[in-house]
Amino acid sequence: MVLSACVQKSTALTQHRGKPIEFSGESLDPLFMDADLAYGTYTGSCGHVMHAVCWQKYFEAVQLSFQQRIHVDLFDLESGEYLCPLCKSLCNTVIPIIPLQPRTINSENAEALAQLLTLARWIPTVLARISGEKPTIPVLFDQGMGDSTFEFHSILSYGIQPSIKYSNSIKEMVILFATTVYRIGLKVPPDEMDPRIPMMTWSTCAFTIQAIENLLGDEGKPLFGALQNRQHNGLKALMQFAIAQRSTCPQVLIQKHLIRLLSVVLPNLRSEDTPCLLSIDLFHVLVGAVLAFPSLYWDDTVDLQPSSISSSYNNLYLFHLITMAHMLQILLTIDTGLPTTQVQEDSEEAHSASSFMAEVSRYTSGCIGCDIPGWYLWVSLKNGITPYLRCAALFFHYLLGITPPEDLLTNSAEGEYSALCNYLSLPTNLFLLFQEYWHTVKPLLQRWCADPALLNCLKENSTIVRYPRIRNSLIALPDDYSCLLNQASHFRCPRSADDERKNPVLCLFCGAILCSQNICCQETVNGEEVGACIFHALHCGAGVCIFLKIRECRVVLVEGKARGCAYPAPYLDEYGETDPGLKRGNPLHLSHERYRKLHLVWQQHCIIEEIARSQETSQTLFGFNWQSL
């Protein structure tokens, strides 16, 4: 069975609108996501399921029928695009549906392992496996794996089981979807052997979760109780696909990627290409590390994977380590310019925050002051880390299938933080993590803080991303439409000296006013001439954008170089009607409800879907030349 899906580039979460983008990703290294989330790869689904064979027959039939039609610009068959046969949503791939593997934990082994495998032992064991040394921890098998004839080959020796075997048909669909994510995410030709394919798999998992968490937070909805079926089914299929995808790649390659990911939190593994802690998104590191970690159990002689109990400890320590690194990220980038005169009660958390910050100040050679009030540090940390915890809860829920607590199913903002901590095995006072692991983490903390690249980032304050990240929204529009008309009347094309009438168009993502449908502002992209709006969309929205034609009071949605559609403008007259082309001339005022709906179309990554629906219902034989917009 497969789930219809659409993979697309996205700038919906960017903290750096308009950041230069490479039109070809031939040389890009996507293992680490920038902290500003400038460009991500989003995987969405309409939620409809088909047999893989039925989908293949349907896609072949669509290809055949479109070869006989004149109006073929509805979608790009060469890129694998098609309309879902049930809801007519635009899709460009399918996700294979792989059932969640049941996990059972032997309680006796769990108790023995809890005493044997502390973080202080886990880190050296991981480093020993990476360097190829023999383990010092006794072998622990899950129930049914204690057969004396079973020869143990893996170095990480605390609970193993044979790897899951997938059928060839499932592997084919896994490779198909993984290659689509790679092709669209990096804008390169498909190549099943490219070593970056697993990186793009982990990246789209992390970015999709972040986009959905951001949307739920923006709408004030509970984390699990308000997920749409399409989001729920999409995440479930995506996470199980990511587990299976590892088995289609050489395990040595996965190990290399894992070592680079772990080098961020384990300085012993640090190399020249290890990025600065402040310059990367640590949730992407968490997702990649958790999904890649089973590759450490593989060697040339036998293909094994960690048992349920082993996976639990691997996940726990990876999560705790990366969470502590993220706490440091948040506290190092805290905005000290805000007023801190408010007096708050002293609390255990505030005292812990002050003590921790004093240590960090010593390790950073005074680059960070230790005079910030403890209560302010704690409030900033709690606010800054909540989106990360929400994303982690979604990730582990869909990875492991563990039922979330009631507080995360209902709209209970007050109890959410405590419920997240309980669900993720964290103390509510997060500084207790450092206290619990202090002897192990102290040398790591010293080396994180002493990194020259990190100290450089702290001095160049302007480039730092602060937490929580700012939620993006469409630009603020004036209530009275005549203000926009007045603004347009002063617009002068930057490339033309004549006084001919121009077509000013407003980008609703960033507020730039552009000269539309004029030769003077055309640009060349990959050898093709494109209009100013299409060129702007490539940089501002990774090819997807929303524009307002000011002199016509029309909203247009665009995607790529050759697709777009009209959309109802958010300005209405006293009768609640739009006035496309300003033919009636009635005063127009901003409808916040309509503008909010337009914002959600963007944040739900539905712009491509709206364009496809509009073109499917349009009877125009020869449509508008969107490339010249």
Side-chain angles (χ1 to χ4, degrees), residues 1-10 12-13 40-52 54-55 58-59 75 80-100 173-174 176-177 180-181 184-185 201 203-242 287 390-391 393-395 397-399 401 403-404 408-409 411 544 557 559 567 596-614 616-617:
M1 305 294 286
V2 293
L3 187 71
S4 54
C6 182
V7 179
Q8 56 182 293
K9 291 284 285 178
S10 170
L13 304 180
T41 307
Y42 178 83
T43 300
S45 172
C46 61
H48 291 126
V49 178
M50 300 166 273
H51 291 102
C54 296
W55 171 74
Y58 168 73
F59 186 64
F75 40 82
E81 292 182 351
Y82 63 96
L83 296 181
C84 170
L86 288 171
C87 67
K88 301 300 179 187
S89 290
L90 184 74
C91 305
N92 54 20
T93 188
V94 286
I95 309 175
I97 295 179
I98 301 167
L100 181 69
M173 299 311 291
V174 165
L176 172 75
F177 177 58
T180 304
V181 171
I184 294 172
T201 294
S203 183
T204 195
C205 287
F207 188 84
T208 301
I209 288 173
Q210 286 176 316
I212 290 174
E213 184 280 325
N214 180 71
L215 181 65
L216 292 170
D218 187 30
E219 295 186 83
K221 291 180 177 178
L223 189 59
F224 290 100
L227 282 169
Q228 298 173 8
N229 276 337
R230 57 192 280 176
Q231 293 169 330
H232 169 71
N233 293 334
L235 284 176
K236 190 161 69 170
L238 191 59
M239 290 308 120
Q240 297 312 306
F241 149 77
V287 170
R390 284 163 56 91
C391 288
L394 282 172
F395 171 59
H397 169 69
Y398 285 104
L399 188 77
T403 308
L408 298 180
L409 294 168
N411 203 357
V544 174
L557 313 179
E559 186 267 322
Y567 192 85
R596 175 69 181 170
K597 186 180 176 186
L598 189 60
H599 165 80
L600 291 178
V601 167
W602 171 42
Q603 286 293 313
Q604 289 170 348
H605 293 84
C606 289
I607 291 176
I608 295 178
E609 193 175 306
E610 289 288 339
I611 293 171
R613 287 185 196 281
S614 173
E616 174 71 5
T617 56

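These numbers come from the heavy atoms of this one structure, side chains and all, not from hydrogens, waters or symmetry mates.
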Do Q8 and I607 have side chains that get closer than 4.5 Å, going by heavy atoms? no
Looking at NE2 of H397 and CZ of F224, how far apart are the two atoms once the value is rounded to the nearest 0.5 Å? 5.5 Å
Please tell me if the side chains of F177 and V2 come closer than 4.5 Å, counting only heavy atoms from C-beta onward. no
Closest non-hydrogen atom pair between L408 and P222, with its separation: O-CB, 3.9 Å
With sequence neighbours left out, write down each residue that passes side chain to side chain contact (heavy atoms under 4.5 Å, CB included) with S203, or none if nothing qualifies. M33, H284
Looking only at non-hydrogen atoms, find the nearest pair between H605 and S10 and report the distance. NE2-OG, 2.7 Å
Nearest atoms (heavy-atom pairs only) where A206 meets V287: CB-CG2, 3.9 Å
Does Q231 reach the side chain of L215, with side-chain heavy atoms less than 4.5 Å apart? yes
Heavy-atom pair with the smallest gap, counting every atom of T201 and T204: O-CG2, 3.3 Å
Neighbour count >12 (heavy atoms, 6.0 Å) for atom NZ, K597: no
Working to the nearest 0.5 angstrom, can you tell me the gap between L235 CG and N233 CG? 9.5 Å
Inter-residue atom distance H48.NE2 - N229.CG, 0.5 Å rounding: 9.5 Å
Are W55 and S4 close enough that some pair of their side-chain heavy atoms sits under 4.5 Å apart? no
Is the closest side-chain heavy-atom distance between V94 and T180 below 4.5 Å? no
Roughly how far, to the nearest 0.5 Å, is CD1 of I212 from CZ of F207? 11.0 Å
In Å, rounded to the nearest 0.5 Å, how long is the span from CG of L600 to CG of D218? 7.0 Å
Sequence neighbours excluded - salt bridge (charged side-chain N to carboxylate O under 4.0 Å, His left out) pairs with any residue from residues 222-241: R230-E609
Using atom types as modelled and distance alone, determine if a side-chain donor or acceptor of K9 lies under 3.5 Å from a backbone N or O of G185. yes
Sorted by chain and number, sequence neighbours left out, side chain to side chain contact (heavy atoms under 4.5 Å, CB included) with I97 holds for M1, L3, V49
Between OH of Y42 and CD of Q604, what distance do you get to the nearest 0.5 Å? 8.0 Å
Contact summary for K88 and L83, nearest pair of heavy atoms: O-CD2, 3.6 Å
Test side-chain contact (heavy atoms from CB on, under 4.5 Å) applied to I184 and T93, step by step: CA-CA 11 Å; I184 294 172; T93 188; over 6 Å; no
Give the minimum heavy-atom separation between Y58 and C84, together with the two atoms involved. OH-C, 4.2 Å
Are Q240 and Y398 side-chain neighbours, meaning at least one heavy-atom pair lies under 4.5 Å? no
